[in-house]
Number of protein chains: 2
Amino acid sequence: MSSEKSFYSSGELAELAGLSTDTLRHYERKGVLARPLRKANDYRQYPASALQRVRLIRRAIAVGFTLDELASVLKVRDSGGAPCMEVRALAEAKLSDIETRLREMSELRKELRAVLKDWDTRLEQRAPGQRAHLLESLNAGRNGGLGNRRQGSVNLAKKKREMRSK
Amino acid sequence: MSSEKSFYSSGELAELAGLSTDTLRHYERKGVLARPLRKANDYRQYPASALQRVRLIRRAIAVGFTLDELASVLKVRDSGGAPCMEVRALAEAKLSDIETRLREMSELRKELRAVLKDWDTRLEQRAPGQRAHLLESLNAGRNGGLGNRRQGSVNLAKKKREMRSK
DNA sequence: CTTGACCCTGGAATTAGTTCCACCCTTTAC
DNA sequence: GTAAAGGGTGGAACTAATTCCAGGGTCAAG
């Protein structure tokens, strides 16, 4: 039943993971994906675990981690060392980022759903002068607690500017 | 009670929205933020609605929209026209993206929480040889239905490559 | 031995969003 | 009037992730 090979070539891994071999190499260069053993011909031989690693990477990226950030976290993990506070803090910050983004996303999902429903309704009714509200609702979203913060580096914009103009 | 001004300067709006005036100008250039009226001195005068618009933009970006994509959607909305199928399709695609990302994110949130808890436990116990599992758990996450797809443009990687090598 | 399918490498290029730069203008306070 | 603070402009630069490129192997099939 186990149709899983224990080694993948770069092409195979790329295929399985849904990305290009170029990207795999990139991950390697960035230090988030370990350099795999090579065969005699210098071809990469990825262990099965690499697939999971790649999936982890993609999830982490999707969630706002930077390859460099990830590298710092994974380096700790891979060497089994105790995470220096820096890394722990990073992980914690990411977690709270994620929570914020989760809220935002489900918010936007709701809005987007409403918009689509709206559009479809309007398109069916076809009342000529109707002038659909379309994304109007999107604009309306409760703009309560959220507001600014970006994914990783927050609002350095004018801070930097202020520094140099000082 | 309404402490809200009805017009903002670019600096004010930037401040409120938590981004730089440069970014505001960028949004304008990209066509997601309407060119505001100008005062006699050529200063921008943003209507209060611009703040909501900017917030919408940020949410949309956070969720995977591209400024160009957003522009195409918003252009429809702003002109009150019926959304051409292209735009509707885009919105729908984004919705499904969002749903996928939501799943991924809450998945990763869970994992991240576990990792943090793990770390803290280990750090407290301080069993020397323990060699923490750290992110180990992250690797373990159910890799069921999800897997590859990226935010916006999916997997063009090798597709393009294939085309040209044909 | 040639062809086609893969793989390798380092560095350049691209894409998107954002920021920086240089230079000029306006308004307010001293 | 002059410095400080805030605006404006176009275009260059930067960052991150990914892709492209050019030149060079390996290997099985025909």
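Chain identifiers are assigned alphabetically (A, B, ...) following the order of the sequence lines, protein sequences preceding nucleic acid strands; residue numbering begins at 1 within each chain. Quick caveat, the model's predicted, so the values are computed rather than measured.
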Working to the nearest 0.5 Å, report the span between CG of Leu56(A) and CG of Leu108(B).
-> 7.0 Å
Would you mind reading off the distance between Glu69(B) atom CD and dG17(C) atom C1', rounded to a whole angstrom?
-> 13 Å
Mind calculating the distance between CG (Asp22(A)) and P (dC7(C)) to the nearest angstrom?
-> 12 Å
Check nucleotides 23-30 of chain D against the protein and report each pair of N or O atoms closer than 3.5 Å, with its distance, or say if there are none.
unit_1: dG25(D); atom_1: N2; unit_2: Tyr43(A); atom_2: OH; d: 2.7

Distance in angstrom units between Leu19(A) CG and dT18(D) C1', rounded | 10 Å
Could you list the residues that satisfy salt bridge (charged side-chain N to carboxylate O under 4.0 Å, His left out) with Arg25(B), not counting sequence neighbours?
-> Asp22(B)
For Ala71(A) and Val32(A), which heavy atoms make the closest approach, and how far apart are they?
-> N-CG1, 3.6 Å
CD of Glu104(B) to CD of Glu111(B): how many Å apart, nearest 0.5 Å?
-> 10.5 Å
Mind checking whether Tyr46(B) and Val54(B) have side chains closer than 4.5 Å, heavy atoms only?
-> no
Write down the distance between CZ (Arg58(B)) and P (dA16(C)), rounded to a whole number of angstrom.
-> 17 Å
Those residues that, when tested against Ser106(A), pass side-chain contact (heavy atoms from CB on, under 4.5 Å) (two or more places apart) = Arg109(A), Leu102(B)
Could you check which of dT18(C), dT9(D), dG7(D) has an atom nearest any side-chain atom of Ser10(B)?
-> dG7(D)
Check whether any side-chain N or O of Thr21(B) sits under 4.0 Å from OP1 or OP2 of dG7(D), and answer yes or no.
-> no
Sequence neighbours excluded, which residues qualify as salt bridge (charged side-chain N to carboxylate O under 4.0 Å, His left out) partners of Lys117(B)?
-> none
Side chain to side chain donor-acceptor pair (under 3.5 Å) against Arg113(A), all qualifying residues, sequence neighbours excluded | Glu99(B)
Which side chain to side chain donor-acceptor pair (under 3.5 Å) pairs, counting each pair once, include a residue from residues 32-45 of chain B, with sequence neighbours left out?
-> Glu28(B)-Arg44(B)
Indicate yes or no for a side-chain donor-acceptor contact from Thr66(A) to the backbone of Glu69(A) under 3.5 Å, with no hydrogens or angles considered.
-> no
Nearest-0.5 Å distance, CG of residue Leu95(A) to CG of residue Leu90(A) = 11.0 Å
Counting only non-hydrogen atoms, which of residues 24-36 of chain B are less than 4.0 Å from DNA chain D?
-> Arg25(B), Arg29(B)
State whether Thr66(B) places a side-chain N or O below 4.0 Å from either non-bridging phosphate oxygen (OP1 or OP2) of dA16(C).
-> no
Between the two ends of the helix from dC1(C)-dG30(D) to dC30(C)-dG1(D), what is the bend in degrees, rounded to 10 degrees, where each end axis spans five pairs?
-> 10°
Specify the residue among Leu67(A) and Tyr46(B) whose closest nucleotide of DNA chain D lies further upstream toward the 5′ end.
-> Tyr46(B)
In whole angstroms, the gap separating P of dT9(C) from CG of Asp42(A) amounts to 6 Å
Integer-rounded Å distance: dC7(C) C1' and Arg38(A) CZ = 9 Å
Phosphate OP1/OP2 of dG7(D) contacted by Arg44(B) side-chain N/O (<4.0 Å) = no
Whole-Å distance separating the CG atom of Leu13(B) from the P atom of dG7(D) | 11 Å
Gap between atoms CG and C1', on Leu70(A) and dA17(D) respectively (whole Å) | 13 Å
Taking every heavy atom of Ser20(B) against every heavy atom of Ala14(B), the minimum-distance pair comes out as C-CB, 3.8 Å
Answer yes or no: does a side-chain N or O of Thr23(A) lie under 4.0 Å from OP1 or OP2 of dT19(D)?
-> yes
